[in-house]
Amino acid sequence: MTGTTPAPFTAADYRARMARAVRSAADAGLAGLLVAPGPDMVWLTGYTPTAVTERLTVLVLAPGRDPVLVVPTLEAPDAEEAAGAAALTLRDWTDGKDPYGVTAALLDDRGRFGISDNTWAMHLLGLQRALPGTSYASLTDALPMLRAVKDSAELELLAAAGAAADATFEEIRKVTFAGRRESDVGHDLAGLLRRFGHSQVDFTIVGSGPNGANPHHEIGDRVIQRGDMVVLDFGGLKDGYGSDTTRTVHVGEPTEEERRVHDVVRAAQEAGFRAVRPGVACQEVDRAARAVIADAGYGEYFIHRTGHGIGVTTHEPPYMIEGEEQPLVPGMCFSVEPGVYLPGRFGVRIEDIVTVTEDGGRRLNNTTREMVIVD
C-alpha cells in the first residue's frame, strides 16, 4: 500500500489547539487546565516524554497566560525538540527542588482546574498540598469533547489509518483459517497492520466459534475449525491516529441461523450509520442500531454500547450510548459497531469508523459488510 507521507503538524497547529483548550476551559468555568503526559499532551503540544517517571511533567494552560510546560531539567532538551515547543514556554526544575512549588506559581491559588485523567495521584496530591485552596475536575468530566472534533488534517490521517485497516482485512481474508490457532491469525493481523503503515498495534481480537460470543476475547490457542464464525477486530495507530474495524467471517458455509444473525447485525450497523448527522444526540445512533437487533429478537444479546470516539487514541469520547445527549458535530469520528453474542455458540460484530459531515456521515472503512467465507 502506497501513499504520501502526511505533513507534520506545526507549532501554529499546536498553538491553535492550546488556545481552543483554554477557551473551552473558560466556558466550563475552569481557571485552567493541567495536562500530564499522555494523549492530551500529545494532541496539544506534540510532546511525548521518553519515559513517564515519578518526576513531574505538566502542561499548564490558563486564560491570559502563555502556555507553560513544566519539565524536569534532564528532560528539557527533548521537550525543546517537540513540534509544539515554539508555541509554549518551558519551565524546568532540577532534582532536589520542589516541582509543585514551581507549578503552583503559575496557578490561581483559589481556582478550579481541569486535570488529565491519567495524572499520577502523587502529583495531584502534591499540587493540593502546595495550593490547598484549589480544586480539580477530571478532563473527561469537565471537557469530554476537548479532542472530539477533528480538523481536516486529522480527518485525512484517520482516513489513511482506516484505509490501512481495510487493506489488512482484504489480505487476511485470503489466509487459511481452519486448523490454525487464533493466535496464528492474530499474528498475521498484527504483521499486516504494520506492513500497511501502523507504528503501533493496539489489539487483534480473533474470536472463533464460542469465543466470538465474548466481545473482548483475547486471542488464544483454540484451533479454528470448519463451521466456525470468527470475529476479527483489530486496530492501532498509523502516523499518530487510530484505526479500529471489525468484520465477522465464516470458515466454510454458514448455517441458515448464522446467516440470519449476520444479516441482522449488518442491518443494525447500517441503521446506526444512517442515524449519523449533525445535531443528533449520540444516543440516537445507539438507539437506531439497537432497535434493529431488538426487533429481530436478539436484544438481550447486544451487550455493549454502539460506539466510541477515536483519534490519537483508539478509544475516547464521544460515546454512542443511551443517556449521552451530546449532539453530533461535523468532524467528530467514532465507531459504529453493533453485535450479537450467543453464549457458548458464536458472535457477530461489524464495525466501521464514521465521521460526521455537514449533512450526514462518511465511513472511513469500506470493506464489504456482507458475510465473507474463508477457508
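Position 1 is the first residue of the sequence; numbering continues from there. Predicted model only: the values in this text are computed from it and were never measured.
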Self-check item: side-chain hydrogen bond (donor to acceptor under 3.5 Å, both in side chains) assessment of Ser138 paired with Asp117
Solution: CA-CA 6 Å; Ser138 153; Asp117 295 45; 3.0 Å; yes
Practice problem: Please tell me if the side chains of Gln283 and Ile321 come closer than 4.5 Å, counting only heavy atoms from C-beta onward. | Solution: no
Quiz item: Linking I/L/V/M/F/W/Y whenever any side-chain heavy atoms sit under 4.5 Å apart, do Met371 and Ile205 land together?
Solution: no
Quiz prompt | Minimum side-chain heavy-atom gap Pro72-Thr57 below 4.5 Å | solution = yes
Quiz prompt | Any side-chain donor near an acceptor of the partner, Thr314 and Asp244, under 3.5 Å | solution = no
Quiz item: Got Leu44 and Leu61 here, is their nearest side-chain heavy-atom distance under 4.5 Å?
Solution: yes
Self-check item: Phe203 atom CZ, neighbour heavy-atom count above 12 within 6.0 Å
Solution: yes
Quiz item: Within a reach of under 6.0 Å around CZ of Arg260, are more than 12 heavy atoms found that belong to other residues, nucleotides or ligands?
Solution: yes
Practice problem: For side chain to side chain contact (heavy atoms under 4.5 Å, CB included), just list the numbers for Glu75 and Thr50, CA-CA rounded to whole Å, side-chain angles, deciding distance to a tenth of an Å, and then say yes or no. | Solution: CA-CA 8 Å; Glu75 294 176 11; Thr50 304; over 6 Å; no
Self-check item: Ala142 to Ala137 - nearest heavy-atom pair and separation
Solution: CB-CB, 4.1 Å
Practice problem: Consider only side-chain heavy atoms of I, L, V, M, F, W and Y, link residues closer than 4.5 Å, and tell whether Phe346 and Val231 are in one cluster. | Solution: no
Self-check item: Side chain to side chain, Asn211 and Asn214, heavy atoms closer than 4.5 Å
Solution: no
Quiz item: Among side-chain atoms of Glu316 and Trp43, is any donor-acceptor pair under 3.5 angstrom?
Solution: no
Practice problem: Answer yes or no: are there more than 12 heavy-atom neighbours, outside Asp375 itself, under 6.0 Å from its atom CG? | Solution: no
Quiz item: Would you say the side chain of Glu170 lies within less than 4.5 Å of the side chain of Thr368, judging by non-hydrogen atoms?
Solution: no
Exercise. Would you check if Val71 and Arg91 make a side-chain contact, meaning some heavy-atom pair closer than 4.5 Å?
Key: no
Practice problem: Quickly, which of Glu370, Glu351, Glu337 forms a salt bridge (Lys or Arg N to Asp or Glu O under 4.0 Å) with Arg266? Name it, please. | Solution: Glu370
Practice problem: Could you walk me through whether His262 and Thr248 pass side chain to side chain contact (heavy atoms under 4.5 Å, CB included), step by step? | Solution: CA-CA 8 Å; His262 192 279; Thr248 303; 4.2 Å; yes
Exercise. Verify the cluster assignment for Leu193 and Leu157: are they in a single hydrophobic cluster under the rule of side-chain heavy atoms below 4.5 Å apart?
Key: no
Quiz prompt | CZ (Arg363) with more than 12 external heavy atoms under 6.0 Å | solution = yes
Self-check item: Parallel, tilted or perpendicular: rings of Tyr14 and Phe9 (30°, 60°)
Solution: perpendicular
Quiz item: Is it true that Arg369 and Asp352 have a side-chain N and a carboxylate O under 4.0 angstrom from each other?
Solution: yes
Exercise. Just do the side chain to side chain contact (heavy atoms under 4.5 Å, CB included) check on Trp93 and Val70 with the steps written out, would you?
Key: CA-CA 7 Å; Trp93 61 276; Val70 177; 3.7 Å; yes
Quiz item: Less than 4.0 Å between a side-chain N and a carboxylate O, is that true for Asp286 and Arg305?
Solution: no
Exercise. Check whether Leu139 and Tyr47 end up in the same hydrophobic cluster, where Ile, Leu, Val, Met, Phe, Trp and Tyr are linked by side-chain heavy atoms less than 4.5 Å apart.
Key: yes
Exercise. Determine, for Glu284 against Arg274, whether the closest basic-nitrogen to carboxylate-oxygen distance falls under 4.0 angstrom.
Key: no
Exercise. Please round to the nearest 0.5 Å and tell me the distance separating atom CG of Asn118 and atom OG1 of Thr140.
Key: 9.0 Å
Quiz item: Cut-off 3.5 Å, side chains only: do His216 and Asp233 have a donor facing an acceptor?
Solution: no
Self-check item: Joint cluster assignment, Met229 & Val374, ILVMFWY side-chain distance < 4.5 Å
Solution: no
Practice problem: Answer yes or no: is there a side-chain heavy-atom contact under 4.5 Å between Val276 and Val280? | Solution: no
Quiz item: Measuring from Glu253:CD to Ile373:CD1, what's the distance to the nearest 0.5 Å?
Solution: 5.0 Å
Practice problem: Evaluate side-chain hydrogen bond (donor to acceptor under 3.5 Å, both in side chains) for Asp13 paired with Thr10, printing each intermediate quantity in order. | Solution: CA-CA 5 Å; Asp13 295 322; Thr10 67; 3.2 Å; yes
Quiz item: Side-chain contact, heavy-atom cut-off 4.5 Å: Leu127 with Leu34?
Solution: yes
Quiz item: Which word best sums up how the rings of Tyr100 and His123 line up, parallel for under 30°, tilted for 30 to 60°, or perpendicular for over 60°?
Solution: tilted
Quiz item: Would Glu258 and Arg345 pass as an ion pair if we require N to O under 4.0 Å?
Solution: no
Quiz item: Is the number of heavy atoms from other residues, nucleotides or ligands within 6.0 Å of CD (Glu218) greater than 12?
Solution: no
Quiz prompt | Ser243 and His198: side chain donor to acceptor below 3.5 Å | solution = yes
Practice problem: Could you walk me through whether Met18 and Leu88 pass side chain to side chain contact (heavy atoms under 4.5 Å, CB included), step by step? | Solution: CA-CA 9 Å; Met18 287 188 281; Leu88 49 78; 4.2 Å; yes
Practice problem: Quick one: do Arg222 and Ser208 satisfy side-chain hydrogen bond (donor to acceptor under 3.5 Å, both in side chains)? Show the steps, please. | Solution: CA-CA 8 Å; Arg222 183 182 185 276; Ser208 65; 2.7 Å; yes
Quiz item: Does atom NE2 of His315 have more than 12 heavy-atom neighbours, drawn from other residues, nucleotides or ligands, at distances under 6.0 Å?
Solution: yes
Self-check item: Residue among Gln269, His304, Arg247 satisfying side-chain contact (heavy atoms from CB on, under 4.5 Å) with Arg349
Solution: His304
Quiz item: Does CG in Asp66 sit with more than 12 non-hydrogen atoms of other residues, nucleotides or ligands closer than 6.0 Å?
Solution: no
Quiz item: So, are Lys174 and Glu171 salt-bridged, with charged N and O less than 4.0 Å apart?
Solution: yes
Practice problem: Please confirm whether Arg112 makes a cation-pi placement over Tyr136, using NZ or CZ under 6.0 Å from the six-membered ring centre and within 45° of the ring normal. | Solution: no
